[in-house]
Engineer: 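Got a structure for you, questions after.
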Amino acid sequence: MELSAISSVLETIGMLTQQVTSLLGVDDQVESLERELRWMQSFLKVADSRKAGNEVVRDRVADIRDLAYDAEDVIETFALRVASKRKAGFSNCIKRSACCLKEGCLLCHTKSEIEKITVRICELTRQLKTYDVTKLGVDGEGPSSSALRRESRRPYPHIVDDNIIGLDGDIKTLLPLFVDEESECRVVAICGMGGLGKTTLAKKIYQHDQVVSHFKYLAWENVSQQFQKRKIWEDILSKLSSTNVRGSNQSEEEIAQKLFKFLEDNKCLVILDDIWSIEAWNSLKPAFPIERNSNSKILLTSRRKEIVSHADPRCYQCALRCLNNKQRYGVDAKLRELGKDMVKHCAGLPLAIIVLGGILATKNNSLNEWRKVSTNVKACLKRDTSDVKDVLALSYDDLPPYLSPCFLYLSHFPEDYEMHKGRLIQLLIAEGIVSPNQEEDCGEIAEDVAEGYLMELVERCMIQVCERDIATLEVKTFQMHDLMRDFCMSKAKEEKFFYIVDQSNACSSSTDQGFRRISMHEYCRIQCIRSTKLRSLLFFKEIPIEELRPRSLVSYEEGESRLCNPLASILFISTIGISLLKLQGIWTYMLNNFKLLRVLDLEPINDFFGCKLPSGIGNLIHLRFLSLRDLSFVRSKLPSSLGNLRCLQTLDLRLESGSCSHSNSIYVPNVIWRMLQLRHLYLPSKCKSRTKLKLGTLRKLLTLVNFNTKKCYMKDLINMTNLRELEINGPFKIEAFNEELDKNPPIIQANYLHSLSIISNEIDTRHLTHLLSCCGNLRKLSLAVEISKLPEYHYLSSNLVYIKLIRCKLEEDPMPTLEKLPDLRILEFHDKAFKGKEMFCSAHGFPKLESLSLMYLENLEELKVDEKAMPSLRGLEIGNCHNLNILPNGLRFITTLEKLKIESMPKTFIAKVLQGRERDPFIIVRD
């Protein structure tokens, strides 16, 4: 995390250097500071692996973090006070001349502060070099806490807990892979997060009677994080054979060759428990005959899924999951109901259930004692989960420096919260945890780097995939196991990574002033937050309307009807006025006290947030992420000062229209073109401006939502070469359009555009055709436009995997066009997408289609499916197609069909479908 802090400072220096160093006398100090910080950065890369087990290193690393933060504060405060106020023009020059003395004093103060930080860094550097801190914990300084944790968790294959539940199904699945003579699987791998029971399952296999009788030789070896491959090979060879090679003069190559030959000639089972890295497996692999037709088998256990896939292409992967409700409730039959309630807090993690069982075992089945534990089950688990924490800590200790802050950042989110991947990636980049400055060096955009970090945490089983995109199968949302989150929060607090406002402290007088990130899980008065160094403010809770009204008025309104009582009406109007004043006070406090903010996410706060968005928002010049989504103001006019936010990377303006507005549109000033760092732009669904919005300067844009040619210039799209997601909402018209499509210039040249959505009542079919012809790499297409026919097949991207058509009112059957798309997997027709009476799917059409949905196609009378059409179809959904008489006869040829969903269809249609198949589980009928 400290490495991330220094990287953030260096990035800040890079961004603000032109502003800061243009004043005489500061450039030398900034350059000196930058040199020292880069040395610290190098030190941290070495020290990161030592700090978990050495208090001296931990303290010094914390000192470095504090220094980095102080440096960042000085530089950003200076930029805020001076550099951001420089404007062009003669009048501004006169004003600046009058302020020269004031700026000179500020310059001297800033210079002095930077020099003080540099002196502190030099002193710390001297200490580090004098005591050679980087070597602590390496040469005889005693075992680290991480090493002690590994040793305490060391498994012994002869010790098996017979009380473990929930593994019978996995044992039944795995046994044939080992004892079946026809099984060609040479490597079996068990993976999952710490505490799921990987080692326990491996022990069950290792000691199973069928396995013991099948193999002539068996060997168990614990690999762990710190291992020597020669010792591993020697130990396995000694356990399998009577040959003792320990301490021999044989080379590593000779030992590996001897073990390889023994495994090749004999029927052996070798279990390698707790492999932590691909490098570890690659190091050990030469001694195992994986690619030969050997009778020997290898069983691996690992927390990291990528090791499993890397081990062997034919490897069988057993991914352990948390116990389900039925499996969890085996804790105690006599006190089942209490047990059910308590086990919920273990979230299916077997190791936590064992800990809970250990607590209850001391209570002698006393109902009163169990009730006490049940009342305070979370506190009891936290007191008695040293084993659980040690297991999870091993995963954390193994994280590389770039992943640690990414993991800690996830503790911002409330318990059981589904973290949306796109938003999470935007926040990681805005916070500086993933730097967009790396793009030029590695050639990979920051969003892909951040996604790679998150997927690596998934592979390490530290976060879980909650939902995937039905079309691309890419991850949509993540979730963190409750106990993993508790551990993550404890580490984040230890590192002073953030401050959470929740039920335990929402009523406290003030938050800790030292935190730079605050996450609001519960509402508290914003005035209670007194940290002027705040960089991030996330809201996850609405402001209760009661907090905005005087209590006397609230109680009066509850007792009187303001419709019948004039006094109540007056009080109601007064309530609105007071609420507006309070909301204005919240804005004033935030804008005056949190001037160094980088992240301001107001999306979940509530739908009404004051009279207007204050112009003071433009003073938060360091903002990189600003979300106003779903907020509503009395006046739906955004201030032109938004143009001052030059560092913005994500801007979400999807506000609700104001309650007193004469139209449903949001006024957006034409200043967005100044935000050259912008990567994700969400415009209001309905907006207005005095002139069309200029967006042509936004060359880094990846996401553009609610674009149309009435409020924006179509020509600007050609400059957005990095665009990945485009949503058009409203009119789309190409000026000076040539009837010969090939003679029109391209609309867009974004080679990475993979998602296009169009919602429009004003679009020409020819213009749509030309737009689609420019999007050769599209994977997802959603059309809510009224057109008589689809563009020809050759104008559509051959990479399309998902198509959704809504309210298109197509007159021609679209199937002959769409069935030619080679990779199309999901196809949806909704809400009058097709006006015709007949659809026909020909033989060999839709080769990869897996899901077909037909909803609200009121004129559809017949769906014909040829034999060999849709050979991969797994799901068919039909609903509110009241003129459809019967299912196509051709469905009987589709052997892959798993689910048929019928919704709001005529009773005669349902009767024909269910005839003789009333209890068929794959048919789902809903009224």
Side-chain angles (χ1 to χ4, degrees), residues 87-89 91-92 611-621 623 626 628-629 631-658 660-723 726-737 744-750 758-764 767 771:
K87 299 177 183 177
S91 61
N92 286 307
C611 184
K612 64 177 181 177
L613 181 66
S615 59
I617 192 75
N619 294 331
L620 306 182
I621 65 167
L623 267 183
L626 175 62
L628 306 174
R629 186 176 183 179
L631 292 187
S632 176
F633 298 95
V634 174
R635 294 182 60 194
S636 301
K637 182 177 181 181
L638 300 179
S640 58
S641 61
L642 281 172
N644 296 338
L645 308 181
R646 308 293 178 89
C647 295
L648 266 183
Q649 298 166 351
T650 298
L651 176 61
D652 195 336
L653 298 176
R654 289 175 289 184
L655 296 92
E656 295 292 331
S657 58
C660 298
S661 176
H662 296 295
S663 69
N664 292 326
S665 299
I666 309 295
Y667 175 81
V668 180
N670 192 11
V671 296
I672 297 177
W673 61 271
R674 299 177 185 171
M675 306 171 187
L676 303 184
Q677 305 301 320
L678 209 57
R679 307 170 76 87
H680 307 277
L681 174 60
Y682 305 88
L683 295 169
S685 56
K686 295 181 180 180
C687 80
K688 60 182 179 180
S689 182
R690 290 193 181 93
T691 60
K692 284 188 176 184
L693 299 178
K694 297 177 183 178
L695 305 176
T697 56
L698 310 181
R699 297 179 180 272
K700 296 183 179 181
L701 212 59
L702 301 173
T703 305
L704 177 57
V705 172
N706 290 328
F707 173 91
N708 66 52
T709 56
K710 183 178 180 179
K711 62 188 178 188
C712 307
Y713 292 99
M714 190 196 68
K715 64 180 181 179
D716 290 341
L717 290 176
I718 200 72
N719 295 329
M720 303 174 190
T721 55
N722 293 311
L723 204 61
L726 173 62
E727 182 178 307
I728 297 170
N729 189 352
F732 187 84
K733 185 178 181 180
I734 302 175
E735 301 292 342
F737 185 76
N744 287 291
I747 298 173
I748 192 168
Q749 289 184 328
I758 304 177
I759 305 170
S760 176
N761 294 323
E762 302 177 44
I763 187 169
D764 191 294
H767 297 181
L771 173 61

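No experiment lies behind these values; they were computed from the predicted model shown.
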Engineer: With side chain to side chain donor-acceptor pair (under 3.5 Å) as the test, pick out the partner of Gln677 among Arg646, Lys700, Gln649.
Structural biologist: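 Option passing the side chain to side chain donor-acceptor pair (under 3.5 Å) with Gln677: Lys700.
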Engineer: Using the ring centroid of each side chain, check whether His767 and Phe732 are separated by less than 6.0 Å.
Structural biologist: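 Ring centres of Phe732 and His767 not closer than 6.0 Å.
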Engineer: Can a cation-pi geometry be assigned to Lys637 and Tyr667, taking NZ or CZ under 6.0 Å from the six-membered ring centre and within 45° of the ring axis?
Structural biologist: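 Yes, cation above the ring, under 6.0 Å and within 45°.
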Engineer: Could you tell me whether Lys692 atom NZ has more than 12 heavy atoms of other residues or ligands within 6.0 Å of it?
Structural biologist: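 Counting other residues, nucleotides and ligands, NZ of Lys692 exceeds 12 neighbours.
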Engineer: Consider only side-chain N and O atoms of Thr703 and His680, and report whether a donor and an acceptor are under 3.5 Å apart.
Structural biologist: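 On atom types as modelled, these side chains qualify, holding a pair under 3.5 Å.
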Engineer: Quick check: does any side chain N or O of Thr709 sit under 3.5 Å from a backbone N or O of Met714, one acting as donor and the other as acceptor?
Structural biologist: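 Side chain of Thr709 to backbone of Met714: no pair is present.
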Engineer: Do any N or O atoms from the side chain of Thr721 and from the backbone of Ala750 form a donor-acceptor pair under 3.5 angstrom?
Structural biologist: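 Flag not set: sc Thr721 to bb Ala750 has no pair under 3.5 Å.
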Engineer: Which heavy atom of Ile621 sits nearest a heavy atom of Cys647, and at what distance?
Structural biologist: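 Reported closest heavy-atom pair: O-SG, 3.7 Å.
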Engineer: Any side-chain to backbone donor/acceptor pair from Thr697 onto Trp673? Under 3.5 Å, distance only.
Structural biologist: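 Confirmed, Thr697 side chain pairs with Trp673 backbone.
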Engineer: Would you say the side chain of Asn708 lies within less than 4.5 Å of the side chain of Ser760, judging by non-hydrogen atoms?
Structural biologist: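 Not in contact.
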Engineer: Can you give me the closest heavy-atom contact between Met720 and Leu704, atom names plus distance?
Structural biologist: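 So the minimum-distance heavy-atom pair works out to SD-CD2, 3.9 Å.
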Engineer: Quick check against the 3.5 Å criterion: does Asn722 have a side-chain atom that pairs as donor or acceptor with the backbone of Arg699?
Structural biologist: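 Pair found, side chain donor or acceptor close to backbone of Arg699.
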Engineer: How close do Pro669 and Pro639 get, heavy atom to heavy atom, and via which atoms?
Structural biologist: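 Looking at all heavy atoms of both residues, the closest pair is CG-O, 3.4 Å.
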Engineer: Could you report the tightest heavy-atom contact between Leu645 and Ile617, atom names first, then the distance?
Structural biologist: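 Smallest interatomic distance, heavy atoms only, reads CD2-O, 3.4 Å.
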Engineer: Would the distance check show the side chain of Asn719 and the main-chain N or O of Gly696 forming a donor-acceptor pair, the cut-off being under 3.5 Å?
Structural biologist: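 Checked: pair present.
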Engineer: Applying side chain to side chain contact (heavy atoms under 4.5 Å, CB included), run through Leu693 and Leu683 and close with a yes or a no.
Structural biologist: CA-CA 10 Å; Leu693 299 178; Leu683 295 169; 4.1 Å; yes
